[in-house]
Amino acid sequence: MTWKLQAITGEFTGQEISVDHDLLVGRGQDAGLVLQAAEISRKHAALVLKADQLWVQDLNSSNGTFVNDLRIEQEVQLHEGDIVQFAGLKFSVLAPAEQNSDLPEIEVEPVTEKPVQQVLKTPAQEMNDAGMPSLSERAVETSLGHEGMPKSVEVPKPAPIPVGVDVKVQAEPEPIPFEQPVSRVEQEKEQQKNASVGLMTVIVIIILAVLAWLFFK
């Protein structure tokens, strides 16, 4: 059986500390329940289990051990709801929970099953529940000929060809226009022609300039 101490004040406030064996309470690191407050002695008190009952004993601490606000001088038995105090740190005592065998048995009424109403289904829902037939089932339903082809499967016919349309006539390709490349000789002739025209223009300008100079001299 496990007793518990629930901290009311101090650093462990709200926490529960399990006591399932003898426990040393103090500020020293060798204590089972270490309380870091300066008012706590290194070996302040002891929690002792005797025949599943919890007892507390003060170990000559400087600031004392209290049970329900009364300072104790000798070992005192603790009960559910008692307040045990080590110096200024208070804890509430929680007794172990009662065994399940002590609880009264609760009779459970049997649950009666309600009749299931039959819901009418549409043909589409029945086909959906039935699922798709397997390959073997479909193979049994379809009869095959001597060539291995299904007898009852009809091959769709092609659409009729409109009157006046010849499927064998191929459209003639349209000619693609392209420019004739200019030969090298023609390019040189064009350059010589342009040079001659330019030279004649320069000579005419010079002659006109000489005539103008002689006229106005």
Side-chain angles (χ1 to χ4, degrees), residues 1-140:
M1 299 180 68
T2 302
W3 290 73
K4 292 184 179 181
L5 297 181
Q6 185 176 25
I8 300 175
T9 61
E11 57 182 324
F12 298 109
T13 301
Q15 298 185 21
E16 293 184 357
I17 301 167
S18 298
V19 182
D20 54 3
H21 59 277
D22 295 350
L23 204 63
L24 175 64
V25 181
R27 189 161 44 88
Q29 296 300 323
D30 56 343
L33 175 57
V34 180
L35 303 177
Q36 298 292 345
E39 56 187 335
I40 301 295
S41 302
R42 293 183 60 84
K43 294 183 178 181
H44 195 98
L47 296 171
V48 181
L49 286 173
K50 295 181 180 180
D52 295 334
Q53 298 299 319
L54 183 61
W55 298 71
V56 62
Q57 180 182 4
D58 184 71
L59 300 178
N60 298 323
S61 61
S62 300
N63 296 307
T65 302
F66 302 81
V67 175
N68 298 329
D69 296 331
L70 297 177
R71 185 165 183 169
I72 62 174
E73 300 294 339
Q74 55 186 2
E75 196 174 53
V76 175
Q77 183 178 356
L78 298 175
H79 303 87
E80 170 73 21
D82 286 347
I83 303 298
V84 59
Q85 179 178 344
F86 308 106
L89 304 181
K90 294 183 178 182
F91 295 83
S92 176
V93 178
L94 302 177
E98 296 182 359
Q99 298 294 330
N100 294 333
S101 58
D102 298 336
L103 299 177
E105 294 183 359
I106 300 175
E107 295 182 359
V108 180
E109 296 181 359
V111 179
T112 57
E113 297 182 356
K114 295 181 180 181
V116 180
Q117 296 181 355
Q118 185 175 2
V119 180
L120 298 179
K121 298 183 179 180
T122 62
Q125 291 176 340
E126 292 179 355
M127 293 177 64
N128 188 25
D129 295 341
M132 292 294 293
S134 62
L135 294 177
S136 59
E137 293 175 350
R138 283 184 286 177
V140 172

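Quick caveat: nothing in here was measured; it's all calculated off a predicted structure.
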Quiz item: Is R71 reaching over with its side chain to a backbone N or O of T65, donor-acceptor style, under 3.5 angstrom?
Solution: no
Exercise. Given side chain to side chain contact (heavy atoms under 4.5 Å, CB included), test H21 with L47 step by step and report yes or no.
Key: CA-CA 8 Å; H21 59 277; L47 296 171; over 6 Å; no
Quiz prompt | 4.5 Å side-chain heavy-atom contact, L5 and L94 | solution = no
Quiz item: Got T13 and I8 here, is their nearest side-chain heavy-atom distance under 4.5 Å?
Solution: no
Quiz item: Do the side chains of K4 and V93 get nearer than 4.5 Å, heavy atoms only?
Solution: no
Quiz item: What distance separates D82 CG from E80 CD, expressed to the nearest 0.5 Å?
Solution: 8.5 Å
Self-check item: Beyond-backbone contact of W3 with L49, side-chain heavy atoms, under 4.5 angstrom
Solution: yes
Quiz prompt | Exercise: identify the closest heavy-atom pair between S41 and S62 | solution = OG-N, 3.1 Å
Quiz prompt | Residues that S61 engages under side-chain hydrogen bond (donor to acceptor under 3.5 Å, both in side chains), provided they are two or more places apart | solution = H44, D58
Quiz prompt | Heavy-atom check, side chain of D69 versus side chain of Q85, under 4.5 Å | solution = yes
Quiz item: With sequence neighbours excluded, what pairs up with E75 under the salt bridge (charged side-chain N to carboxylate O under 4.0 Å, His left out) test?
Solution: K50
Self-check item: The single option from V34, L59, L33 passing side chain to side chain contact (heavy atoms under 4.5 Å, CB included) against L24
Solution: L59
Quiz item: Under 4.5 Å between any side-chain heavy atoms of F91 and V25, yes or no?
Solution: no
Self-check item: Over 12 foreign heavy atoms within 6.0 Å of CZ, R42
Solution: no
Practice problem: Begin from the C-alpha positions of E11 and Q36 and carry the test side chain to side chain contact (heavy atoms under 4.5 Å, CB included) through to its verdict. | Solution: CA-CA 8 Å; E11 57 182 324; Q36 298 292 345; 3.7 Å; yes
Practice problem: Return the set of residues passing salt bridge (charged side-chain N to carboxylate O under 4.0 Å, His left out) with E39 (not counting sequence neighbours), or none when no residue passes. | Solution: none
Exercise. Please tell me if the side chains of V76 and V84 come closer than 4.5 Å, counting only heavy atoms from C-beta onward.
Key: no
Exercise. For the pair V19 and T2, evaluate side chain to side chain contact (heavy atoms under 4.5 Å, CB included) and give the outcome as yes or no after the intermediate values.
Key: CA-CA 6 Å; V19 182; T2 302; 5.9 Å; no
Quiz item: Just wondering, do I83 and S92 contact through their side chains at under 4.5 Å, heavy atoms?
Solution: yes
Exercise. Mind listing the closest non-hydrogen atom pair of L35 and L89 along with its distance?
Key: CD1-CD1, 3.9 Å
Quiz item: What do the steps show when you test L78 against W55 for side chain to side chain contact (heavy atoms under 4.5 Å, CB included), and what is the final call?
Solution: CA-CA 6 Å; L78 298 175; W55 298 71; over 6 Å; no
